[in-house]
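Written below as structure tokens is the structure these notes are about.
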Number of protein chains: 2
Amino acid sequence: MIGTVSLAQVGALVGDPTRAAMLQALIDGRALTAGELAALARVTPQTASGHLAQLAASALVAVSRQGRHRYHRLATPQVARMLESLMQVAAASAPPRARTGPRDEQLRLARTCYDHIAGRLGVALADAMMARGWVEIEDDAALVTSDGMDQLAALGIALDPSSTGKVRSVPLCRPCLDWSERRSHLAGRLGAALCTHGLERSWIRKRAGSRALEVTSAGRRAYRDLFCIEIFET
Amino acid sequence: MIGTVSLAQVGALVGDPTRAAMLQALIDGRALTAGELAALARVTPQTASGHLAQLAASALVAVSRQGRHRYHRLATPQVARMLESLMQVAAASAPPRARTGPRDEQLRLARTCYDHIAGRLGVALADAMMARGWVEIEDDAALVTSDGMDQLAALGIALDPSSTGKVRSVPLCRPCLDWSERRSHLAGRLGAALCTHGLERSWIRKRAGSRALEVTSAGRRAYRDLFCIEIFET
DNA sequence: GCGTCGGTTCGGCCGCGGCCGTAACGACGC
DNA sequence: GCGTCGTTACGGCCGCGGCCGAACCGACGC
């Protein structure tokens, strides 16, 4: 049975609480130093270093030296998707999730999912764009309509299709099941473009040391005016 | 940091070699008894029982009693996708994969990936359909073109879009990175339909006790004639 | 009733692996 | 040069968890 050992090895890597915390801290695509990851995971630097060496040896994280720091990030988007799928299953396995602290609430409102927006804001954006006919979402596939391409371009979101243009609808969009909302939000190239677009216009801002996204007042206005999204009260 | 424990818990479940072997045996969607899984994982029944109890408690597998047998299967397609994504990362982490035994070869040629076809046959089908313009595949999104819908219908593969029909291209198709070929094959509703279609016409046949698919002589002919696929010679 | 078979529970053994203390190593800044 | 910060290497402790043997439970068939 080919691959069994490898499957178990990767599972075991994610299976340790310390390593899992580190991986989860890296899931938004940023690069963190070993010291930061050690503090996040509540272990001593040398322990963290050992874990990071394992993760690097298995090519789950990539390291890049810079001065006397070593920055660690997830090696590929594949790894981020793997972690997301694990978190989906984890969220489904533990339904009675009563923990709704303030940190929690921020994460549920809006957060990054490697390169796109997740949380209530993410699913609200997906809903709005589907209602307008800009995208179509099936259970595990999605696409941007030609109308959606035009409207998004008008908003300054250019989706270079890189295709020959002989077809009008291009698959630039991938549904990504949200582990907190249990609904689909938009990933793929469109999801990444939406996130970049919001960051450039300061509609959303990355919080330091967290995956949570802060929605600025300008962002509230913009998302409300453009997409009729009203999820920001309380 | 919400979810950390859960993430690690699921990882640890997959991280044990015995449980990993069981999960991998279930990845094709079949339901197996505890005894079969024990034999597959090379452990005694009581050990297997303990592992299966854990997997069931975390809702990774679902059990259904039937007489004095207990059939175990993956709880949701989500779990299958999670395992596939883990295997992709595992395959990428261990590049020098020299093991190419006969069992291995069968799996690489054609196998099921929960509900669709993977392996060389899977990527060849994807390539052929893309070359004909029936589907379009980007890196992490895919769709069936209207032309493809017609042509597939002519072959007896009906993809009920469940949509209003106001658009011509519907997202019924999801790319799934193949861990052995490192190329995309077709999943989603089209992938499942292709697999069912082949099984109904006895072009492919499920091998007992394995995920490997046997391509019948009729299947070789059909796939060659319809899609110009020539991958079946040793 | 009895025997058989599939599956589970209990108890105890044992080994793997995470953790830290200490110490060494390397890169920077002065 | 020197001190400091960050990272890595080694040794040893300890606890979690997988494994099996034996016994128990329930379902079937006669």
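Please read these numbers as outputs of a predicted model, since none were measured by experiment. What you see below is based on every heavy atom in this structure, not just the backbone, and it leaves out hydrogens, waters and symmetry mates. Each chain gets a letter, A, B and so on, in the order its sequence line appears, and its residues count up from 1.
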Subject >> Shortest side-chain distance from T47(A), nucleotide among dC20(C), dC19(D), dT8(D) >> reply: dC20(C)
Subject >> Check: D178(B) main-chain N/O paired with E181(B) side-chain donor or acceptor under 3.5 Å >> reply: no
Original post:
Does R201(A) have any side-chain contact (heavy atoms from CB on, under 4.5 Å) partners at least two apart in sequence or in another chain, and if so, which?
Top reply: H197(A), W203(A)
Subject >> Protein-nucleotide distance (H69(B), atom NE2; dC25(D), atom P), rounded to Å >> reply: 22 Å
Subject >> Rounded interatomic separation in angstrom, taking CD from Q9(B) and C1' from dG17(D) >> reply: 14 Å
**OP:** Could you check which of dT8(C), dG21(D), dG18(D) has an atom nearest any side-chain atom of T44(B)?
**Re:** dG21(D)
**OP:** Using a strict 4.0 Å threshold on nitrogen-to-oxygen distance, state whether E105(A) and R120(A) make a salt bridge.
**Re:** yes
**OP:** Let me know the distance between OH of Y71(A) and P of dG6(D), rounded to the nearest Å.
**Re:** 11 Å
Subject >> Rounded interatomic separation in angstrom, taking CD from Q66(B) and C1' from dC28(D) >> reply: 14 Å
**OP:** Find the bend of the helix from dG1(C)-dC30(D) to dC30(C)-dG1(D) as the angle between its two terminal axes (five pairs each), to the nearest 10°.
**Re:** 30°
Original post:
For nucleotides 10-16 of chain D, read 5' to 3', which letter fits each nucleotide if B means a protein heavy atom sits under 4.0 Å from the base, S means only the sugar-phosphate is that close, and - means neither?
Top reply: -------
**OP:** Side chain of R70(B) only, please: which of dT8(C), dC19(D), dT7(D) is the nearest?
**Re:** dT8(C)
Original post:
D16(A) has a side chain; which of dG18(C), dT8(C), dT7(D) sits nearest to it?
Top reply: dG18(C)
Original post:
Where the side chain of T216(B) meets the backbone of S202(B), is there a donor-acceptor pair that is under 3.5 Å apart?
Top reply: yes
Original post:
Distance-only, no hydrogens or angles: does the H116(A) side chain make a donor-acceptor pair with backbone N or O of C113(A) under 3.5 Å?
Top reply: yes
**OP:** Check whether any side-chain heavy atom of L194(B) lies under 4.5 Å from a side-chain heavy atom of L186(B), and answer yes or no.
**Re:** yes
Original post:
Taking side chain as C-beta onward, heavy atoms only, is V10(A) less than 4.5 Å from M87(B)?
Top reply: no
Subject >> Any Y114(B) side-chain heavy atom under 4.5 Å of V79(B) side chain >> reply: no
Original post:
According to a strict under-4.0 Å criterion, is S49(B) in side-chain N/O contact with OP1 or OP2 of dT8(C)?
Top reply: yes
**OP:** Using a heavy-atom cut-off of under 4.0 Å over every strand shown, decide if Q54(B) touches base, sugar-phosphate, or nothing.
**Re:** sugar-phosphate
Original post:
Starting at CG of L55(A) and ending at C1' of dT8(D), how long is that distance when rounded to a whole Å?
Top reply: 16 Å
Original post:
From the list dC19(C), dT8(D), dG21(D), which nucleotide is the closest neighbour of the side chain of V43(A)?
Top reply: dC19(C)
Original post:
Once you round it to whole Å, what is the distance between C1' of dG6(C) and CD of E36(B)?
Top reply: 12 Å
Original post:
Could you state the CG-C1' distance from L32(B) to dG6(C), rounded to the nearest angstrom?
Top reply: 15 Å
**OP:** Determine: side-chain N/O of T18(B) to OP1/OP2 of dG18(D), distance under 4.0 Å, yes or no.
**Re:** no
**OP:** Check each of L74(A), T76(A), L23(A), V14(A) against M82(A) using the side chain to side chain contact (heavy atoms under 4.5 Å, CB included) test, and report the only one that passes.
**Re:** V14(A)
**OP:** With heavy atoms under 4.0 Å as the rule, sort R19(A) into base, sugar-phosphate or nothing.
**Re:** sugar-phosphate
Subject >> No-hydrogen, no-angle side-chain donor-acceptor test under 3.5 Å, S180(B) and R111(B) >> reply: yes
Original post:
What's the NE2-P distance between H51(A) and dT8(D), to the nearest Å?
Top reply: 13 Å
